[in-house]
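All heavy atoms count here, side chains included; hydrogens, waters and symmetry mates do not.
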Amino acid sequence: AQSVSQHNHHVILSEAASLELGCNYSYGGTVNLFWYVQYPGQHLQLLLKYFSGDPLVKGIKGFEAEFIKSKFSFNLRKPSVQWSDTAEYFCAVNNQGGKLIFGQGTELSVKP
Amino acid sequence: DAGITQSPRHKVTETGTPVTLRCHQTENHRYMYWYRQDPGHGLRLIHYSYGVKDTDKGEVSDGYSVSRSKTEDFLLTLESATSSQTSVYFCAISESTGDAFFGQGTRLTVV
(Lines give C-alpha, C1' and ligand atoms only; values in the text may rest on other atoms or scores of the structure.)
Protein backbone atom coordinates (compact mmCIF):
# COMPACT_ATOMS: atom_id res chain seq x y z
CA ALA A 1 0.00 0.00 0.00
CA GLN A 2 1.05 3.54 -0.65
CA SER A 3 2.40 5.41 2.38
CA VAL A 4 4.30 8.57 3.25
CA SER A 5 6.58 9.07 6.23
CA GLN A 6 7.80 12.37 7.61
CA HIS A 7 10.54 11.87 10.15
CA ASN A 8 10.43 15.17 11.99
CA HIS A 9 7.29 15.87 13.97
CA HIS A 10 8.30 19.24 15.37
CA VAL A 11 11.25 21.36 14.33
CA ILE A 12 12.29 24.54 16.11
CA LEU A 13 14.69 26.93 14.39
CA SER A 14 15.91 30.46 14.80
CA GLU A 15 15.42 32.95 11.99
CA ALA A 16 18.05 32.67 9.24
CA ALA A 17 18.76 29.02 10.05
CA SER A 18 18.63 26.50 7.24
CA LEU A 19 15.77 24.01 7.01
CA GLU A 20 15.55 20.47 5.78
CA LEU A 21 12.46 18.34 6.33
CA GLY A 22 12.57 14.67 5.47
CA CYS A 23 9.96 12.77 3.48
CA ASN A 24 10.05 9.15 2.35
CA TYR A 25 7.36 7.29 0.49
CA SER A 26 6.64 3.72 -0.35
CA TYR A 27 5.16 2.96 -3.72
CA GLY A 28 6.68 0.91 -6.49
CA GLY A 29 5.34 2.77 -9.48
CA THR A 30 5.55 6.25 -10.93
CA VAL A 31 4.48 8.96 -8.53
CA ASN A 32 3.92 12.67 -8.38
CA LEU A 33 5.26 14.32 -5.24
CA PHE A 34 4.13 17.40 -3.36
CA TRP A 35 4.81 19.57 -0.38
CA TYR A 36 1.92 21.49 1.13
CA VAL A 37 1.96 24.13 3.85
CA GLN A 38 -0.73 24.90 6.40
CA TYR A 39 -0.46 28.20 8.24
CA PRO A 40 -2.18 28.39 11.62
CA GLY A 41 -5.94 28.32 11.27
CA GLN A 42 -5.86 27.95 7.51
CA HIS A 43 -6.30 25.23 4.91
CA LEU A 44 -3.48 23.53 3.02
CA GLN A 45 -1.77 25.29 0.14
CA LEU A 46 0.56 23.83 -2.45
CA LEU A 47 4.21 24.74 -1.87
CA LEU A 48 5.84 22.82 -4.70
CA LYS A 49 5.44 19.72 -6.85
CA TYR A 50 7.47 17.20 -8.79
CA PHE A 51 6.13 15.31 -11.80
CA SER A 52 9.21 14.47 -13.85
CA GLY A 53 12.46 15.93 -15.17
CA ASP A 54 14.91 17.87 -13.03
CA PRO A 55 14.80 16.26 -9.58
CA LEU A 56 15.47 19.60 -7.92
CA VAL A 57 12.27 21.62 -7.92
CA LYS A 58 11.70 25.14 -6.73
CA GLY A 59 8.52 26.35 -5.15
CA ILE A 60 7.11 29.49 -3.67
CA LYS A 61 8.68 31.56 -0.89
CA GLY A 62 12.21 30.26 -1.51
CA PHE A 63 11.47 26.60 -0.81
CA GLU A 64 12.94 23.81 -2.88
CA ALA A 65 12.84 20.02 -2.77
CA GLU A 66 14.98 17.25 -4.16
CA PHE A 67 13.60 13.97 -5.46
CA ILE A 68 15.99 11.04 -4.97
CA LYS A 69 14.39 8.07 -6.66
CA SER A 70 16.83 5.49 -5.27
CA LYS A 71 16.00 6.57 -1.74
CA PHE A 72 12.27 7.12 -2.30
CA SER A 73 12.78 10.54 -0.76
CA PHE A 74 11.54 14.05 -1.44
CA ASN A 75 13.10 16.34 1.15
CA LEU A 76 12.12 19.96 1.54
CA ARG A 77 14.77 22.66 2.02
CA LYS A 78 15.08 26.37 2.57
CA PRO A 79 18.44 28.10 3.03
CA SER A 80 17.22 30.74 5.49
CA VAL A 81 13.89 30.54 7.31
CA GLN A 82 11.81 33.47 8.47
CA TRP A 83 9.39 33.82 11.33
CA SER A 84 6.56 33.84 8.75
CA ASP A 85 7.50 30.27 7.76
CA THR A 86 6.04 29.02 11.04
CA ALA A 87 3.47 26.48 9.86
CA GLU A 88 2.83 22.80 9.43
CA TYR A 89 4.34 21.13 6.38
CA PHE A 90 2.95 18.05 4.69
CA CYS A 91 4.53 15.78 2.13
CA ALA A 92 2.14 14.00 -0.24
CA VAL A 93 2.27 11.35 -2.95
CA ASN A 94 -0.07 10.77 -5.85
CA ASN A 95 0.16 7.45 -7.66
CA GLN A 96 -1.27 8.90 -10.88
CA GLY A 97 -4.39 6.86 -10.32
CA GLY A 98 -5.96 9.57 -8.26
CA LYS A 99 -5.15 8.54 -4.72
CA LEU A 100 -3.39 11.38 -2.89
CA ILE A 101 -1.78 10.30 0.39
CA PHE A 102 -0.25 12.60 2.99
CA GLY A 103 2.40 12.19 5.62
CA GLN A 104 1.83 12.94 9.28
CA GLY A 105 3.07 16.50 8.96
CA THR A 106 5.97 18.44 10.46
CA GLU A 107 5.30 21.44 12.63
CA LEU A 108 7.91 24.15 12.10
CA SER A 109 8.36 26.86 14.71
CA VAL A 110 10.69 29.72 13.83
CA LYS A 111 11.90 31.90 16.69
CA PRO A 112 12.41 35.57 15.85
CA ASP B 1 -8.36 30.49 -4.41
CA ALA B 2 -9.95 27.66 -6.33
CA GLY B 3 -13.74 27.49 -6.27
CA ILE B 4 -14.30 24.97 -3.53
CA THR B 5 -16.77 25.39 -0.71
CA GLN B 6 -17.44 23.20 2.29
CA SER B 7 -20.63 23.31 4.32
CA PRO B 8 -21.25 23.55 7.15
CA ARG B 9 -18.06 25.10 8.51
CA HIS B 10 -18.84 24.11 12.07
CA LYS B 11 -21.17 21.48 13.45
CA VAL B 12 -21.91 19.98 16.83
CA THR B 13 -23.90 16.78 16.82
CA GLU B 14 -24.88 14.04 19.20
CA THR B 15 -23.51 10.52 19.26
CA GLY B 16 -25.54 8.18 17.10
CA THR B 17 -26.98 10.77 14.73
CA PRO B 18 -26.24 10.81 11.00
CA VAL B 19 -24.29 13.78 9.67
CA THR B 20 -23.68 14.89 6.08
CA LEU B 21 -20.93 17.25 5.03
CA ARG B 22 -21.00 18.84 1.60
CA CYS B 23 -18.19 19.80 -0.74
CA HIS B 24 -19.01 21.91 -3.77
CA GLN B 25 -16.61 22.89 -6.55
CA THR B 26 -16.90 25.21 -9.52
CA GLU B 27 -13.63 24.10 -11.20
CA ASN B 28 -14.94 20.98 -12.96
CA HIS B 29 -12.06 18.92 -11.53
CA ARG B 30 -12.34 15.19 -11.92
CA TYR B 31 -11.01 14.12 -8.52
CA MET B 32 -12.50 14.99 -5.17
CA TYR B 33 -11.28 13.88 -1.76
CA TRP B 34 -12.37 13.84 1.84
CA TYR B 35 -9.72 13.91 4.56
CA ARG B 36 -9.80 14.18 8.29
CA GLN B 37 -7.08 16.05 10.17
CA ASP B 38 -6.19 15.07 13.71
CA PRO B 39 -3.14 16.10 15.78
CA GLY B 40 -0.28 13.69 15.26
CA HIS B 41 -1.94 11.94 12.33
CA GLY B 42 -1.68 14.53 9.59
CA LEU B 43 -4.31 14.21 6.89
CA ARG B 44 -5.86 10.81 6.47
CA LEU B 45 -7.84 9.96 3.37
CA ILE B 46 -11.40 8.85 4.06
CA HIS B 47 -12.81 8.43 0.55
CA TYR B 48 -12.14 9.86 -2.85
CA SER B 49 -13.94 10.12 -6.16
CA TYR B 50 -12.56 9.90 -9.67
CA GLY B 51 -15.77 10.78 -11.45
CA VAL B 52 -19.52 10.91 -11.11
CA LYS B 53 -20.67 7.83 -9.22
CA ASP B 54 -17.05 6.58 -9.08
CA THR B 55 -15.68 6.45 -5.57
CA ASP B 56 -13.12 4.46 -3.62
CA LYS B 57 -12.10 3.97 -0.03
CA GLY B 58 -9.16 5.62 1.64
CA GLU B 59 -7.21 4.72 4.77
CA VAL B 60 -9.93 5.43 7.33
CA SER B 61 -13.24 4.75 5.60
CA ASP B 62 -15.01 2.77 8.34
CA GLY B 63 -18.11 4.60 9.55
CA TYR B 64 -18.17 6.92 6.53
CA SER B 65 -19.91 6.81 3.18
CA VAL B 66 -19.78 9.16 0.21
CA SER B 67 -21.78 10.00 -2.85
CA ARG B 68 -21.07 11.94 -5.99
CA SER B 69 -24.13 12.32 -8.21
CA LYS B 70 -22.82 15.45 -9.95
CA THR B 71 -19.33 16.56 -10.91
CA GLU B 72 -19.51 19.54 -8.60
CA ASP B 73 -20.74 17.90 -5.39
CA PHE B 74 -19.14 15.32 -3.12
CA LEU B 75 -21.01 14.41 0.04
CA LEU B 76 -19.54 12.74 3.10
CA THR B 77 -21.95 10.99 5.47
CA LEU B 78 -21.24 9.77 8.95
CA GLU B 79 -23.83 7.07 9.27
CA SER B 80 -23.95 7.12 13.07
CA ALA B 81 -21.59 9.68 14.53
CA THR B 82 -19.20 8.66 17.31
CA SER B 83 -16.90 10.74 19.50
CA SER B 84 -13.89 9.32 17.63
CA GLN B 85 -15.15 11.13 14.55
CA THR B 86 -14.68 14.50 16.17
CA SER B 87 -12.19 16.08 13.81
CA VAL B 88 -11.57 18.71 11.18
CA TYR B 89 -12.67 17.51 7.76
CA PHE B 90 -11.15 18.85 4.57
CA CYS B 91 -12.38 18.44 1.05
CA ALA B 92 -9.94 18.73 -1.83
CA ILE B 93 -10.16 18.73 -5.62
CA SER B 94 -7.60 17.96 -8.28
CA GLU B 95 -6.98 16.77 -11.78
CA SER B 96 -5.09 13.52 -12.42
CA THR B 97 -1.72 15.09 -11.63
CA GLY B 98 -2.68 15.27 -7.98
CA ASP B 99 -1.92 18.89 -7.15
CA ALA B 100 -4.91 19.61 -5.03
CA PHE B 101 -6.86 22.63 -3.88
CA PHE B 102 -8.39 22.47 -0.44
CA GLY B 103 -11.56 23.77 1.08
CA GLN B 104 -11.60 25.77 4.29
CA GLY B 105 -12.48 22.77 6.43
CA THR B 106 -15.39 21.69 8.60
CA ARG B 107 -14.91 21.41 12.34
CA LEU B 108 -17.15 18.59 13.58
CA THR B 109 -17.70 17.90 17.24
CA VAL B 110 -19.58 14.78 18.33
CA VAL B 111 -20.85 14.98 21.90
Close side-chain approach of [X] and [Y], heavy atoms under 4.5 Å:
X	Y	answer
A/Asn94	B/Thr97	no
B/Gln37	A/Gln38	yes
A/Leu46	B/Phe101	no
A/His43	B/Phe90	yes
A/Asn32	B/Asp99	no

Honestly curious: do [X] and [Y] fall in one hydrophobic cluster under the side-chain, below-4.5 Å linking rule?
X	Y	answer
A/Tyr39	A/Leu19	yes
A/Ile60	A/Tyr89	yes
B/Leu78	B/Leu75	no

Point to revise | Residues, nucleotides or ligands: over 12 heavy atoms within 6.0 Å of A/Arg77 CZ | key: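 Yes - once you tally the heavy atoms of other residues, nucleotides and ligands closer than 6.0 Å, there are more than 12.
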If I take atom [atom1] from residue [X] and atom [atom2] from residue [Y], how far apart are they, to the nearest 0.5 angstrom?
X	Y	atom1	atom2	answer
A/Leu100	B/Ile93	CG	CD1	12.5 Å
B/Glu59	A/Ile101	CD	CD1	4.5 Å
B/Phe102	A/Gln45	CZ	CD	11.0 Å

Exercise for review: Under 4.5 Å heavy-atom distance to chain A, tell me which part of B/Leu45 shows up: side chain, backbone, both or neither.
Suggested key: side chain
Check your understanding: Quick one: what part of B/Ala100 sits under 4.5 Å from any heavy atom of chain A, side chain, backbone, both or neither?
Key ->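 Both the backbone and the side chain of B/Ala100 come within 4.5 Å of chain A.
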**Study point:** chain B contact via A/Glu88 - side chain, backbone, both or neither, heavy atoms under 4.5 Å
**Key:** side chain
